[in-house]
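In the text below, chain A, chain B and the rest are named by the order of the sequence lines, each starting its count at 1. Quick caveat: nothing in here was measured; it's all calculated off a predicted structure.
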There are 2 protein chains.
Amino acid sequence: MGKQMTEMLKGTLEGIVLAILSVQAAYGYEITARLREQGFTEIAEGTVYALLIRIEQKGFVDVEKVPSEKGPPRKVYSLNVQGREFLEEFWSTWSFLAERLEQLHKEGGN
Amino acid sequence: MGKQMTEMLKGTLEGIVLAILSVQAAYGYEITARLREQGFTEIAEGTVYALLIRIEQKGFVDVEKVPSEKGPPRKVYSLNVQGREFLEEFWSTWSFLAERLEQLHKEGGN
DNA sequence: GCCGCTATTCAGTGTTACTATGTAGTGGTA
DNA sequence: TACCACTACATAGTAACACTGAATAGCGGC
């Protein structure tokens with residue numbers, strides 16, 4: 001993956017995953033696949049699983065183990081109230097940053 | 001500073017500073033002040049200086065020492081060709097990320 | 001002589017995403 | 001039976017980056 005993207009994902013990937021979960025509960029393998037669909041083709045599985053453990057420890061998600069027909073049991077993550085609050089904060093932080101950067105892009109773009 | 005902002009700045013602060021330098025050459029103290037003006041009120045001076053050393057080592061900027069009337073000599077940084085190329089890459093990476101996030105924000109915002 | 005402002009530097013810390021690998025369950029197939 | 005492909009999760013070690021909390025240094029005014 002591009003080094004720039006790697007660094008830029010720090011702090012945003014968590015929000016991205018929470019945003020995905022805010023639409024619908026999902027398990028790790030599924031989330032990875034969904035990220036790939038959305039253009040994040042190079043995000044490693046290990047990265048996603050590590051992130052899921054983190055957001056579980058922070059108490060942003062509820063976890064349920066569900067048997068799979070095709071492999072080991074799935075750990076299905078669903079966003080809880082705390083997670084939704086955090087996601088809102090994330091969006092406001094993101095919006096602030098995005099506005100400043102858009103401004104800078106315009107200024108420099110002459 | 002909010003922890004979210006801290007993490008989100010990883011990878012973007014470098015681009016922000018390069019964007020500032022793309023408009024006009026500047027020195028560390030000045031850059032810090034300019035960031036504060038633009039709403040990044042809590043970015044530590046030490047952070048900016050460390051970043052400047054990094055981008056100098058990467059060869060994105062040229063440095064000139066200029067005496068000051070008000071204190072120790074200033075180290076004035078100006079963006080060079082390599083820096084401009086890197087900045088362009090930065091903008092394309094940023095745009096990609098911003099588009100995906102905007103999309104996600106819309107989807108989740110129902 | 002001391003304080004405030006300007007200006008830079010640096011050691012140590014925490015967080016995060018990546019690499020690389022390992023473990024495990026299921027079904028198909030030769 | 002043995003092997004492979006796909007599904008599904010876990011983890012140890014690494015690199016990069018922003019922050020904290022200092023220290024150093026030059027200048028002017030009181």
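Without hydrogens or angle criteria, N80(B) side chain to G59(B) main chain gives a donor-acceptor distance under 3.5 Å.
For the contact set between residues 57-69 of chain B and DNA chain D, defined by any heavy atom under 4.0 Å, the members are K58(B), E69(B). Within residues 87-98 of chain A, no residue has any heavy atom under 4.0 Å from DNA chain D. Of all the residues in residues 11-35 of chain A, G11(A), L13(A), E14(A) reach under 4.0 Å from DNA chain C with at least one non-hydrogen atom.
Sequence order on DNA chain D of the closest nucleotides to E7(A) and T47(A) puts T47(A) first from the 5' end.
Closest heavy-atom contact between G28(A) and V48(A): O-CG1, 4.1 Å. Minimum heavy-atom separation, I43(B) to T32(B): O-CG2, 4.4 Å.
K10(A) contributes no side-chain N or O that forms a donor-acceptor pair with the base of dT15(C) under 3.5 Å.
Annotation: Y49(B) is not in aromatic contact with Y27(B) [ring centroid separation under 6.0 Å not met].
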Mind running salt bridge (charged side-chain N to carboxylate O under 4.0 Å, His left out) on E89(B) and K3(A) for me, showing each step along the way? CA-CA 11 Å; E89(B) 266 183 67; K3(A) 220 201 278 178; over 6 Å; no
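Here the C1' atom of nucleotide dG14(C) and the NZ atom of K3(B) are 9 Å apart, to the nearest Å. Note: OH (Y49(A)) to C1' (dT16(C)) measures 19 Å, nearest angstrom. If you measure from atom CD of Q4(A) to atom P of dC18(C), you get 14 Å, rounded to the nearest angstrom.
When side chains are defined from C-beta on, M8(A) counts as touching T12(B), because their heavy atoms get closer than 4.5 Å.
Distances shorter than 4.0 Å separate some side-chain N or O of K75(A) from OP1 or OP2 on dA10(D). Taking side-chain N and O atoms only, R54(A) has a distance below 4.0 Å to OP1 or OP2 of dT16(C).
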Between the protein and nucleotides 21-25 of chain C, list the N/O to N/O atom pairs that are separated by less than 3.5 angstrom.
residue	atom	partner	partner atom	Å
dG25(C)	N2	K70(A)	O	3.1

What N/O pairs connect the protein and nucleotides 2-4 of chain D at under 3.5 Å? Give each pair on its own line.
none

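Between E45(A) and R36(A), no side-chain nitrogen of the basic residue sits less than 4.0 Å from a carboxylate oxygen of the acidic one, so the salt-bridge criterion is not met.
Residues L18(A) and I53(A) do not share a hydrophobic cluster, clusters being chains of Ile/Leu/Val/Met/Phe/Trp/Tyr side chains in contact below 4.5 Å.
Inter-axis angle, ends of the helix from dG1(C)-dC30(D) to dA30(C)-dT1(D), five pairs per end, rounded to 10 degrees: 20°.
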